[in-house]
Amino acid sequence: MLGDWASLLIYLVFAATVAGSLLFLSLAAGTRGKREGRQKAFAFESGVSEGAFEPSNFSINYYLTAMLFIVFDIEIVFLYPLAVVLDELRVFGFVELCVFVAVLAVGYVYIWRKGALQWK
Amino acid sequence: MVDGFIVTVIKGFALVNLLMGFFAFMTWVERRLIGRFQQRLGPNRVGPAGLLQPIADLGKLLRKQSMIPTGARPRLYLLAPFVSLTCAIGAFGFMPFGGLATIPGTSLTFHLYMADSNVALLFVAALGSLGFYGLLIGGWASGSKYAMLGGMRAIAQLVSYEVAFTLAVIGVLIHARSLSFIDIVHAQSGWYWYILPQFLGFLVFMVAAVAESNRPPFDLTEADGEVVAGYHTEYGGMRFAMFANAEFINAITLSALAAVLFLAGPEGPLLPGPLWMLIKTGLFLFIFIWLRATTPRVRFDQLMSLGWKLLLPVATLNLLVTAFFVVYGSSHA
């Protein structure tokens with residue numbers, strides 16, 4: 001099994017080589033611009049540029065989504081091994097799964113009612 | 001290694017190049033098809049039927065002036081497309097194209113897949129998610145408010161659909177009892193393709209896959225009326241093309257994944273495995289292109305409620321129903 005990861009690593013090296021060579025070529029093969037073209041190096045702005053953009057405050061929705069993602073993704077990580085052995089666990093596994101999903105469903109209904117799933 | 005070191009290196013080299021070649025070919029197919037959908041011809045000047053268009057594009061993109069915006073963090077700005085593209089190509093590594101193959105005229109055999117692992121599916125999801133960093137880094141390092149907004153938006157969209165996506169495939173795992181692609185394909189032999197018992201899961205998977213690869217109608221990250229071009233607003237030339245390349249290769253990977261999980265991948269009568277894999281992947285890619293040509297872009301709050309309020313409960317329901325039938329039913333051995 002470890003050998004399979006070695007072959008995957010070889011593949012990943014090739015993948016990184018392709019991406020790296022394209023990045024290198026974009027720097028090496030591009031035409032050189034004239035020095036006076038400073039204006040076009042400014043970031044895109046519809047109207048007068050205020051200089052570089054400093055990231056500051058962001059809508060709470062992004063943070064909320066990230067937290068919900070972590071909660072549900074960890075749930076799914078727990079479900080994966082259960083799904084693989086469910087056929088052997090039979091009824092015990094199914095009841096276990098139902099209890100797990102029921103606990104989550106309570107939380108899910110709660111965040112829904114609280115409006116966390118509504119993008120504002 | 002399933003084969004020797006030399007053979008593995010040759011296979012890795014071949015797979016990366018075939019994937020890039022297939023990507024180039026599919027960009028031509030997409031542009032031709034979109035042309036047809038819109039009552040025009042599409043690119044038909046370079047080479048026979050415009051087939052050499054991708055090569056002409058490559059030449060043009062490489063010669064574009066290399067620009068780094070004044071407000072950008074140069075190192076991260078350059079790193080972002082590299083991360084995206086490496087992860088996109090890397091995620092394709094576990095795709096199976098068949099079992100053991102013999103080189104004609106000799107007794108040499110080799111396997112038609114790079115590697116097999118009991119966590120292959122998890123790995124594809126993990127490397128796909130790692131690629132999100134490319135978008136976030138690119139959006140942040142550009143030093144532009146539209147790029148920043150686009151990057152944030154991309155992450156919010158991608159993580160939301162990651163949940164539905166990973167949940168939708170659990171039904172398949174319950175049936176196949178493995179995360180290895182080879183085992184999943186084997187479990188579907190004898191025409192027991194999971195698209196039928198897992199149709200609900202398949203639908204959720206497809207919707208999530210379109211959103212995961214940022215393709216229309218879920219291309220909110222580059223909604224030009226709102227965030228100009230999203231996280232790649234400040235990118236041009238080859239570095240922009242690398243983002244576009246990564247996005248399309250993600251679509252190819254997800255199509256191939258759909259083919260493996262729901263249509264038994266390389267299994268099929270008469271034709272050899274790799275050809276079946278190509279046909280099935282192509283079928284899903286056609287659906288992607290078809291959707292792009294015929295659907296308008298959804299609104300961002302619609303996108304989020306679809307992911308969280310519809311796909312997530314439906315995928316969970318699908319999981320419970322599948323578990324019930326596998327445990328209590330006799331449909332499966």
Side-chain angles (χ1 to χ4, degrees), chain A residues 1 3-8 10-20 22-23 25-27 29-33 38 40-45 51-53 55 58 61-62 65-66 68-69 72-73 76 79-80 83-87 90-91 93-94 97-98 101 105 108 112 117-120, chain B residues 1 8-9 12-13 15-16 20 62-67 69-71 78 81-82 85-86 89-90 93 114-117 122 140 142-146 148 152 156 159-160 162-163 166-167 170 173-174 177-179 228 233-234 237-239 242 300-301 304-305 308-309 316 320 323-324 326-327:
Chain A
M1 201 50 89
D4 284 81
W5 291 104
S7 18
L8 196 77
I10 293 171
Y11 174 76
L12 284 177
V13 169
F14 279 119
T17 311
V18 168
L22 284 178
L23 185 65
L25 281 174
S26 81
L27 290 166
T31 40
R32 298 267 164 258
R38 295 288 295 163
K40 71 177 170 190
F42 286 144
F44 177 85
E45 185 78 55
F53 170 63
F58 263 92
N61 278 306
Y62 291 106
T65 305
L68 292 179
F69 165 68
F72 282 97
D73 218 38
I76 293 161
L79 284 176
Y80 267 57
V84 171
V85 295
L86 189 74
D87 208 50
R90 312 298 302 177
V91 178
F94 183 66
L97 177 69
C98 286
V101 171
Y108 181 71
W112 188 324
L117 300 181
Q118 187 61 46
W119 190 270
K120 288 182 281 286
Chain B
M1 274 171 230
T8 307
V9 169
F13 182 76
L15 184 59
V16 167
M20 293 300 276
L62 280 174
R63 289 293 288 158
K64 289 273 182 187
Q65 186 183 347
S66 169
M67 286 258 308
T70 43
L78 293 178
F82 174 78
L85 188 54
T86 306
I89 302 175
M114 275 308 291
D116 181 35
S117 165
L122 214 53
W140 186 80
S142 289
S144 156
K145 71 177 71 158
Y146 296 105
M148 183 75 204
M152 293 290 278
V159 299
S160 295
E162 187 76 14
V163 171
T166 40
L167 205 54
I170 293 184
L173 301 185
I174 293 176
R177 285 168 279 173
S178 176
L179 274 84
V228 189
T233 303
E234 299 300 328
M238 200 60 222
R239 291 192 287 269
M242 283 168 78
F300 197 69
D301 62 314
M304 295 309 262
S305 19
W308 287 106
K309 292 183 179 175
T316 312
L320 288 175
F324 179 82
V326 165
V327 171

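Note that this is a predicted model, so its numbers are computed, not measured. Labels below follow one simple rule: chain letters A, B, ... track the order of the sequence lines, proteins then strands, and each chain is numbered from 1. Heavy atoms only: backbone and side chains are in, while hydrogens, waters and symmetry mates are out.
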Taking every non-hydrogen atom, the tightest pair across B/G90 and A/A15 =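 B/G90 and A/A15 have their closest heavy atoms at N-CB, 4.1 Å.
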
ask   = Does any non-hydrogen side-chain atom of A/Y11 lie less than 4.5 Å from one of B/I89?
value =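 When only atoms from C-beta onward are counted, A/Y11 and B/I89 do touch, with a gap below 4.5 Å.
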
4.5 Å side-chain heavy-atom contact, B/L167 and A/L79 =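 When only atoms from C-beta onward are counted, A/L79 and B/L167 do touch, with a gap below 4.5 Å.
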
query = Just how far is it from atom CD of B/E162 to atom CG of A/D73, taken to the nearest 0.5 Å?
reply =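 The distance works out to 6.0 Å.
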
task = Working to the nearest 0.5 Å, report the span between CG of A/L22 and CE of B/M238.
result =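 Here the rounded value is 4.5 Å.
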
Best-contacting candidate, A/V18, A/I76, A/L86, A/N61, against chain B by heavy atom pairs under 4.5 angstrom =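 Max contact count across the listed options: A/I76.
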
ask   = chain B: which of A/L8, A/T65, A/L12 shares the most heavy-atom pairs with it under 4.5 Å?
value =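 With the most close heavy-atom pairs to chain B, the winner is A/L8.
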
task = Would you please name every residue forming a side-chain contact (heavy atoms from CB on, under 4.5 Å) with B/S66, sequence neighbours left out?
result =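 For B/S66 the side-chain contact (heavy atoms from CB on, under 4.5 Å) partners, ignoring immediate neighbours, are A/L27, B/R239.
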
Side-chain donor/acceptor of B/D301 to backbone N/O of A/W119, under 3.5 Å =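 Checked: no pair found.
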
Among [options], residue most engaged with chain A (heavy-atom pairs, under 4.5 Å):
options: B/T316, B/V163, B/L179, B/T233; answer: B/V163
options: B/A323, B/A156, B/S178, B/S142; answer: B/A323
options: B/M114, B/K64, B/M20, B/M152; answer: B/M152

task = Measure A/V101 against the heavy atoms of chain B and call it side chain, backbone, both or neither at under 4.5 Å.
result =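 Side chain of A/V101 only, per the 4.5 Å heavy-atom cut-off to chain B.
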
ask   = Please walk me through it: do A/D87 and B/I174 pass side-chain contact (heavy atoms from CB on, under 4.5 Å)?
value = CA-CA 7 Å; A/D87 208 50; B/I174 293 176; over 6 Å; no

request  = Go through the atoms of B/T166 and report whether side chain, backbone, both or neither lie under 4.5 Å from a heavy atom of chain A.
outcome  =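 B/T166 touches chain A through backbone and side-chain heavy atoms alike.
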
request  = Apply the side chain to side chain contact (heavy atoms under 4.5 Å, CB included) test between B/V159 and each candidate in A/Y62, A/F72, A/F69; give the one that qualifies.
outcome  =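 Testing each of A/Y62, A/F72, A/F69 against B/V159, the sole residue satisfying side chain to side chain contact (heavy atoms under 4.5 Å, CB included) is A/F69.
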
task = Not counting sequence neighbours, which residues clear ring pair (Phe, Tyr, Trp, His ring centres under 6.0 Å) with A/F14? List them please.
result =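 Here the qualifying residues are B/F13.
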
